[in-house]
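Here the structure is laid out as structure tokens; the discussion comes afterwards.
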Amino acid sequence: MASVTIPGQLLGPTSKYQPGPGTHIHQTNLYSSLLGVVHVSQPVKAPGPAKRLNKITPAPAPAELPTISVSRSGVSEKREVLPEVGNVVLCRVVRISPRQAVVAILICGDTVLDAEWQGVIRVQDVRATEKDRVKIYESFRPGDIVRAEVISLGDQANYYLSTAKNELGVIMATSEAGNTMYPVSWKEYRDPETGVSEARKVAKPF
Amino acid sequence: MADRRRINGPPGATIPPIYEDASDKSVVTRQPPRSRPANAIRQTYLKTGVTPSASGSAYLEVEMAGKPGVSGLKLSCTVHGPRSLPRSSLFSPHIILSTHVKFAPFATKQRRGYLRDPTERDLGSHLEAALRGAIIADRWPKSGVDIIVSIIEGDQDRETSRQQGDEAWDMMNTLSGCITVASAALADAGIDCVDTVAGGVAALVRDDADNGKPKIVIDPVPSEHDKIEAACCVAYLPTRDEITNLWFKGDMPDDDMATYMELVQQGIQASKHANRVLVQCIGETVG
């Protein structure tokens with residue numbers, strides 16, 4: 001089913017579908033909120049019998065309904081996306097201070113952003129352990145490319161980002177001599193030409 | 001603003017003096033009276049995606065009254081965003097809408113300045129109110145969208161003199177065009193809306209041909225009528241059956257509630273006509 005909808009077009013009752021991106025609910029009916037192409041995705045069934053519960057989790061939404069969504073993919077590639085809480089983003093360090101590193105978010109998920117959004121990695125969000133010994137200048141330098149996770153929409157100007165995971169941190173760095181360095185440990189990058197190593201919060205390679 | 005270094009032309013349109021000739025009375029140009037039915041809008045052309053550099057854009061033309069094929073109203077709308085807010089602004093959990101309406105200097109008979117004048121501000125705030133009811137603002141936290149409507153030609157017949165027709169009524173038609181074109185540009189930009197909002201105008205007119213009996217017409221052209229008593233511009237969501245903006249202007253008896261209601265109802269009707277054009281236009285961009 002690939003049909004075109006315009007904003008305000010009726011898609012179906014909420015008893016039949018779950019709302020996905022590009023839709024909204026009004027009076028128990030689902031309507032499109034974008035100009036785009038309709039997709040209906042069937043819910044994924046958990047393979048095999050469900051695991052015995054060993055922790056308390058919030059009751060999952062009744063997942064037997066298919067999700068209906070409207071995507072702009074067929075219309076234009078210019079769809080702007082915003083960083084959301086939980087997204088993994090790639091960003092460039094703009095400037096550092098003892099309290100925080102200011103970064104420019106370049107890529108959100110798989111999408112290259114049109115606009116440049118500003119983010120902040122505070123000193124307590126750099127790593128998960130020994131938080132009180134973190135020094136920003138031993139973790140990031142201006143110009144580094146950092147993989148980080150969005151933890152909050154933040155204040156008026158900045159998204160708050162965190163690198164407190166093994167896979168998060170600096171993925172590309174240049175040395176003071178201006179050469180691209182390679183990682184040697186979780187907190188060190190080394191310059192291949194001068195052999196000098198510099199401290200960074202290094203992202204674990206996949 | 002006044003350009004002293006050049007020899008500027010007169011600020012308004014000039015028409016050559018016409019001397020009354022006893023033998024020939026037909027020289028005095030007079031707009032022919034309205035020929036289309038009272039419940040029909042003029043032919044409208046709408047196209048989206050005209051400005052490649054903008055996130056969304058649309059272009060609208062409305063034909064000139066009594067001259068099929070010649071356009072009277074030309075609007076171009078660009079939508080920029082969603083984009084990050086300036087650093088000075090406060091945190092906003094929803095999208096911040098800012099609308100700018102600007103007349104081109106040559107858009108009307110009276111030449112317009114480059115600075116925004118009160119009419120343009122007024123149109124901008126009406127447009128903002130009309131669109132705010134249609135946008136799902138909380139889908140885009142911490143971002144802003146700029147909607148810029150350029151009026152390239154402002155629905156005025158150059159051949160009528162300045163005394164004929166009143167600018168206040170032209171503004172109504174212009175606003176309804178602005179709403180429709182901005183709605184198309186928003187859909188093109190991919191900003192979440194609950195519905196496609198379109199503008200429509202209805203007016204209570206008095207014509208000498210009808211012995212001065214007032215009647216209600218939609219999409220009025222001021223120069224086609226002898227007198228416009230009142231007019232209202234409606235921004236309407238057809239599937240929701242909601243009005244997001246209502247601009248009522250004119251002179252009407254206080255106690256005549258039925259006429260008020262009828263005028264708004266006809267405005268909705270005009271908006272539904274405009275919405276048909278809108279739906280067809282934005283449907284075509286995907287097909």
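It should be emphasised that the depicted structure is a prediction, and the values quoted were computed from it without experimental measurement. In what follows, chains carry the letters A, B, and so on, assigned in the order in which the sequence lines appear, proteins first and then strands, with residues in each chain numbered from 1. Every heavy atom of this structure was used, including side-chain atoms; hydrogens, water molecules and symmetry mates were not.
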With a 4.5 Å heavy-atom cut-off (strictly below), which parts of residues 90-102 of chain B touch chain A? List them by number.
->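 Within residues 90-102 of chain B, the residues under 4.5 Å from chain A are L90(B), F91(B).
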
Does [atom1] in [X] sit with more than 12 non-hydrogen atoms of other residues, nucleotides or ligands closer than 6.0 Å?
X	atom1	value
E84(A)	CD	no
E176(A)	CD	no
Q43(B)	CD	no
R240(B)	CZ	yes
Q280(B)	CD	no

Non-hydrogen atoms of I282(B) and P7(A) that approach each other most closely =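 For I282(B) and P7(A), the tightest heavy-atom pair comes out as CD1-CD, 4.2 Å.
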
Please report the closest heavy-atom contact between Y159(A) and P141(B), naming both atoms and the distance.
->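 Looking at all heavy atoms of both residues, the closest pair is OH-O, 4.3 Å.
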
Among A187(B), C193(B), A134(B), residue most engaged with chain A (heavy-atom pairs, under 4.5 Å) =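 Maximum pair count with chain A is reached by C193(B).
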
Check each atom of Q118(A) against the heavy atoms of chain B and say whether the ones under 4.5 Å are side chain, backbone, both or neither.
->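 It is the side chain, since no backbone atom gets that close.
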
Check the pair V194(B), H24(A) against side-chain contact (heavy atoms from CB on, under 4.5 Å), reporting the backbone distance first and the verdict last.
-> CA-CA 7 Å; V194(B) 293; H24(A) 67 278; 3.8 Å; yes

Mind checking the NZ-CG spacing from K142(B) to N158(A)? Nearest 0.5 Å is all I need.
->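 One gets 6.5 Å once the value is rounded to the nearest 0.5 Å.
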
Distance, nearest 0.5 Å, that separates CG of L35(A) from OG1 of T196(B) |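 These two atoms lie 10.5 Å from each other.
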
What pairs with R139(B) under salt bridge (Lys or Arg N to Asp or Glu O under 4.0 Å), at least two apart in sequence or on another chain?
->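 R139(B): salt bridge (Lys or Arg N to Asp or Glu O under 4.0 Å) contacts with D192(B).
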
Interchain contact, S84(B) with chain A, by part (heavy-atom threshold 4.5 Å) =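 Looking at S84(B), backbone and side chain both touch chain A.
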
